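All remarks here apply to the structure that follows.
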There are 2 protein chains.
Amino acid sequence: MMMVRKSKGLGERHIKILGFLGEHQDKGYPPSIREIGEQTGISSTSVVNYYLEQLEKWGYIERDRHISRGMRVVPERLAELGSTFAAPVQALAQAINELIRIPLAGRIGASLPMPVPASDFSYYGPEEGVEIARSLLPAKKAEELFALEVSGTSMIDAMVNDGDIVIMRQISNAETKDGDMVAVWLPERDETTLKYFYKEKNRYRLQPANPTMEPIYIPKEEPLEIRGKVVMVIRKIASGAM
Amino acid sequence: MMMVRKSKGLGERHIKILGFLGEHQDKGYPPSIREIGEQTGISSTSVVNYYLEQLEKWGYIERDRHISRGMRVVPERLAELGSTFAAPVQALAQAINELIRIPLAGRIGASLPMPVPASDFSYYGPEEGVEIARSLLPAKKAEELFALEVSGTSMIDAMVNDGDIVIMRQISNAETKDGDMVAVWLPERDETTLKYFYKEKNRYRLQPANPTMEPIYIPKEEPLEIRGKVVMVIRKIASGAM
DNA sequence: ATCATACACGAACATGCGTTCCATGTCAAG
DNA sequence: CTTGACATGGAACGCATGTTCGTGTATGAT
């Protein structure tokens, strides 16, 4: 066989280029091949192109051939790098203006049968949505996420007020882990509630976010549906509330 | 004097161009003059350039001459348009990937002497900050904004929990209007609290956000300092809370 | 009427900038 | 040592794209 020296994996120059692409971000347009060369100490445009082709193959960037400055970084791919690399790329990932548009699936309230986003998340046009900075989220895939506007004060005990927007991730009963804050649908009580979820011997403990309030217990026999896991709560405060 | 027909103000073509710049946003790089022409029904590159120069003069975009696709929209300027124009620009403003980086000024807690951002908001480097989508904010200037991380559960009654991040706008006592949710510093009680603020005959009423809780009254004689107005509250919920 | 100005075209020109091809250097496998 | 994938340069080549200029047409102002 053959086993080349460094080959696979990002080399110093890949990092430099990626880093420069990030720094260049605030210019409003991508750099040209020559500009990349100057900044990364590569004298030949063909070499820069060589690396760009690799970055494209690895999936870190996308290019539109024959178009000046026709390239863009792929934030998702970059996010994967996480903190693997130091400063240069770190800063990059954060510099990448990346907003995630989360579909507003509807409203949720004590008695409302909690809506679930279009089963397959297929495609939602210019519907209403909430834009969140990727840097605010737990850096996971943006799919599976949906938002709900809270209607009514029934979730006061979960520290969630009327008008708040909760960002949720689709999750099944099985996937739910102790300590997750989830939206629970209790068919028998015809009630939806947001609580911290804990499995105990033969019951479920639903703990309110407000530490001054007591948990409620649900016997294991009672049906219980986890509709989603709360990832974030956003409260916009208007000028003249109340 | 002279008063030309339409002149001053954005015309249909300006709007179209601005709109196209927005739509083109997700490509990752700006369009070329010719591309703009095609999409907006302008056959001559010089005419497109003509409009771009105007948009630049009006401050809607910035250009880097002699650089392919060297232009970018100025979100702040665009935000001013507000809902003045219909769909096209509306969508634009929202499509503009624009994150606002709000400096994290520090922590706030019942007994902590609430920190205030670097007096003049001069310049803050890569300090910690929170990135918010402009579309989530009340579309005002991003300056004057700062964020605080809440420490402790002393503001539970304001529906704000330990770890929450509150986005605030600097505001003086005089500017405060009834109904604003503000951070109030009570020197005599050595206490900082978040409450809805109301002026009454000879006292101030500080109303908790949680409707089930009673307001507290501060006699007008007692010193009271409004440190900021709460614009938004963000709660990130970790997987294994509690 | 006459002129200045805003609005529009389209062609020509001069770079900007991506692409391609050829030559060279390096290191590991055979 | 030879071979070959990998890494770099450098210089052309040629389309991509911004800029400039000559022209033409409304509309107001004088």
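Computed over heavy atoms, backbone and side chain alike; hydrogens, waters and symmetry mates excluded. So that the names make sense, note that chain A is the first sequence line, chain B the second, and so on, each numbered from 1. These numbers were taken from a predicted model, which means no experiment stands behind them.
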Evaluation steps, side chain to side chain contact (heavy atoms under 4.5 Å, CB included), between A:V233 and A:I167:
CA-CA 6 Å; A:V233 177; A:I167 309 291; over 6 Å; no
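- Rounded to the nearest 0.5 Å, atoms CG (B:L55) and CD1 (B:I61) are 5.0 Å apart.
- There is a side-chain donor-acceptor pair under 3.5 Å between B:R63 and B:N49.
- A donor-acceptor contact under 3.5 angstrom links the side-chain atoms of A:S44 to the base of D:dG10.
- The pair B:K16-B:E23 does not meet the salt-bridge criterion, since no charged nitrogen lies less than 4.0 angstrom from a carboxylate oxygen.
- A:E35 places its CD atom 11 Å from the P atom of C:dG16, with the value rounded to the nearest Å.
- Here B:N49 reaches the OP1 or OP2 of D:dT19: one of its side-chain N or O atoms lies under 4.0 Å away.
- Summarising the geometry, the separation between NE2 on B:H24 and C1' on D:dT17 is reported as 13 Å, rounded to the nearest angstrom.
- The interatomic distance linking B:E53 (CD) with D:dT20 (C1') rounds to 11 Å, in whole Å.
- Put simply, the side chain of A:R34 and the base of C:dG18 share a donor and an acceptor less than 3.5 Å apart.
- Atom CD1 of B:I67 is separated from atom C1' of C:dA14 by 16 Å (rounded to the nearest Å).
- Taking only side-chain nitrogens and oxygens, A:R63 comes nearer than 4.0 Å to OP1 or OP2 of C:dT19.
- Phosphate proximity of C:dC7 to B:Q54: present, with a side-chain N or O under 4.0 Å from OP1 or OP2.
- The side chain of B:S43 lies closest to C:dC9 when the candidates are D:dC6, C:dC9, D:dT19.
- Evaluation of atom-type donor-acceptor distances gives a pair under 3.5 Å for the side chain of B:T45 against the base of D:dT19.
- For the pair B:R65 CZ and C:dT15 C1', the interatomic distance rounds to 15 Å; values are reported in whole Å.
- Rounded to an integer number of Å, the gap from A:L52 CG to C:dT20 C1' is 15 Å.
- For A:I42 and D:dA11, the CD1 to P distance is 17 Å, given to the nearest whole Å.
- For B:S46 against D:dT19, no side-chain N or O and base N or O form a donor-acceptor pair under 3.5 Å.
- Here C:dT15 presents its P atom at 21 Å from CZ of B:R69, a figure rounded to the nearest Å.
- Taking the ring centre of B:Y29 as origin, the terminal cationic atom of A:R69 falls outside the region bounded by 6.0 Å and 45° from the ring axis.
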